Amino acid sequence: MKKIKAAVLGATGIVGQRLVGILAAHPWFEIEALCASAESAGLRYAEAVRGRWRAPGDIPPGAAGMVVQPCLPDIGVRLAFSALEAGPAGPIEESFARAGCLVCTNARDHRMSADVPLLVPEVNADHIESVRRQGYGSGGIIANPNCATAGLVLALAPLHKAFGVRRVFVATMQALSGAGYPGVPALDAVGNIIPLIPGEEEKIESEPLKILGDGTRPAGFRVSASCHRAASLEGHLLSAAVEFERGASCQAVAAAMSSFAPLRDLGLPGAPAFPLFVHPDGDRPQPCRDAGRGDGMTVTVGRIRPDRLFDCRFTALVNNLVRGAAGAAVLNAELAVRRGYLS
């Protein structure tokens with residue numbers, strides 16, 4: 001297929017850099033424009049990110065010499081990936097959608113809007129149809145969820161289908177990279193755990209219900225979350241306890257997760273054949289050892305065991321910069337191509 005030209009909005013930030021790295025080697029998409037704030041506009045991309053490039057490897061040669069543009073929708077692309085900060089992201093993304101561009105956003109501004117799909121393709125692919133109700137013509141907005149939510153809903157989806165989820169408690173230990181760059185000051189982070197990430201618990205308690213709902217009504221179960229910033233670099237660790245509507249053994253839980261493969265036949269380049277990997281070792285997952293599984297798109301689950309208050313508990317690890325951010329937005333765009341939104 002002819003590659004689809006795309007823009008990256010917020011290209012100089014830590015998620016924007018990951019988008020640039022993924023798209024530089026993507027078989028379906030190619031970077032047409034790199035867009036950022038006024039302080040970066042007019043600079044070569046390599047100059048704009050000098051000293052703060054945090055994606056793996058070097059800056060892709062094709063992107064390094066591109067001139068950074070302001071975030072204006074007159075650049076002639078049908079697809080935009082947004083890594084903009086919340087707040088400015090909302091009106092900028094809407095302006096691109098009005099110009100006929102499909103915006104796949106990592107920002108939170110539109111996540112809970114009724115007509116914006118909060119999309120995890122393995123979980124709620126059919127929710128993408130709500131794009132047609134947004135009134136942007138050939139444009140639209142597709143959101144991916146909060147980075148910790150992405151890991152939680154992938155783990156819950158096969159369990160909710162098989163056993164019915166009644167309630168969930170989840171505690172997170174979230175990597176420093178989730179705070180962006182430069183992020184948390186070293187004197188606060190090193191040798192420390194911070195028991196507050198503003199707004200994070202509310203997102204994890206509400207977003208899974210929209211994702212696992214039927215597209216018009218949220219799911220009926222309850223989520224309670226407690227979030228912490230930990231001194232790991234990449235990968236959010238979640239410890240979850242789940243109560244089911246129908247009884248399930250830990251072996252049945254592990255089997256449901258291990259066999260979960262709803263996108264296997266769609267041929268999406270960014271989709272792992274199995275989005276969940278159940279690790280057999282008792283001390284896994286660990287951020288430094290498991291965050292890169294499946295090029296960062298696979299959620300690793302371990303320590304599946306009985307719980308005295310709920311039915312089952314487990315630990316899950318999600319790569320917050322890939323499955324929880326840049327890679328999620330790209331996978332959403334791939335599904336949009338398969339569904340004919342970018343023909």
Side-chain angles (χ1 to χ4, degrees), residues 1-11 15-16 19-20 22-24 26-36 41 63 66 68-84 86-145 210-211 214-216 263 266-271 325-343:
M1 61 182 289
K2 183 179 179 181
K3 286 193 174 184
I4 298 168
K5 297 182 183 299
V8 180
L9 313 180
V15 173
L19 281 165
V20 170
I22 293 170
L23 294 172
H26 200 279
W28 293 5
F29 309 132
E30 64 179 355
I31 300 171
E32 176 72 8
L34 299 174
C35 304
M66 295 182 69
V68 178
Q69 302 183 41
C71 294
L72 299 173
D74 57 354
I75 51 180
V77 296
R78 286 289 318 284
L79 175 64
F81 296 97
S82 175
L84 294 166
I92 292 173
E93 292 167 359
E94 290 166 11
S95 71
F96 273 79
R98 283 194 296 271
C101 187
L102 183 67
V103 181
C104 294
T105 178
N106 180 69
R108 69 171 182 263
D109 298 64
H110 297 101
R111 285 178 186 162
M112 300 307 291
S113 298
D115 57 359
V116 173
L118 187 56
L119 198 61
V120 179
E122 291 94 342
V123 179
N124 63 339
D126 288 344
H127 289 196
I128 197 173
E129 299 301 325
S130 63
V131 170
R132 303 189 190 279
R133 302 198 301 267
Q134 292 175 10
Y136 291 121
S138 60
I141 299 171
I142 297 172
N144 52 270
K210 180 177 181 181
I211 296 166
D214 63 6
T216 58
L263 301 182
L266 289 186
L268 304 183
V330 174
L331 183 59
N332 286 348
E334 293 171 2
L335 180 66
V337 171
R338 276 284 184 257
R339 293 292 183 94
Y341 285 88
L342 287 164
S343 58

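These figures come from a predicted structure and were not determined experimentally.
Interatomic distance, C35 SG to L72 CG, rounded to the nearest 0.5 Å: 8.0 Å. Taking CG of L335 as the reference point, atom CG of L119 lies at 6.0 Å (rounded to 0.5 Å). To the nearest 0.5 angstrom, L9 atom CG is 6.5 Å from I75 atom CD1. Interatomic distance, CG of L263 versus CZ of R338, reported as 11.0 Å (0.5 Å rounding). Once rounded to the nearest 0.5 Å, the distance linking CD1 of I142 with OG of S82 reads 13.0 Å. Put simply, NE2 on H110 and CD1 on I141 are 4.0 Å apart, with the number rounded to the nearest 0.5 Å.
Using a distance-only test at 3.5 Å, with no hydrogens or angles considered, a donor-acceptor pair links the side chain of R111 to the main chain of N144. No side-chain donor-acceptor contact under 3.5 Å links Q69 to the backbone of A33.
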Q.
Go through it in stages, so that I can follow the logic: the residues are V77 and C101, the test is side-chain contact (heavy atoms from CB on, under 4.5 Å), and I'd like the CA-CA distance, side-chain angles, deciding distance and then a yes or no.
A. CA-CA 7 Å; V77 296; C101 187; 4.2 Å; yes
(Q) Apply side-chain contact (heavy atoms from CB on, under 4.5 Å) to residues L331 and E122 and explain how you reach the verdict. (A) CA-CA 10 Å; L331 183 59; E122 291 94 342; 3.9 Å; yes
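Each of E129, Q134, R133 was evaluated against P117; a single residue qualifies, Q134, per the side-chain contact (heavy atoms from CB on, under 4.5 Å) test.
Of all heavy-atom pairs spanning A125 and R339, the tightest one is CB-NH2, 3.7 Å. When all heavy atoms of F81 and A329 are compared, the closest pair comes out as CE2-O, 3.5 Å. The heavy-atom pair separating I211 from L118 by the smallest distance is CG1-O, 3.5 Å. A83 and V15 get closest at one heavy-atom pair: CB-CG1, 3.9 Å.
Between E30 and K3 there is no salt bridge, since none of the side-chain N atoms of the basic residue sits less than 4.0 Å from a carboxylate O of the acidic one.
Using modelled atom types, one finds no donor on one side chain facing an acceptor on the other under 3.5 Å when comparing S113 with D115.
Cation-pi contact between R78 and Y341: absent, since separation from the ring centre below 6.0 Å together with deviation from the ring axis within 45° is not met.
Classified by interplanar angle (parallel below 30°, tilted 30° to 60°, perpendicular above 60°), the ring pair W28/H26 is perpendicular.
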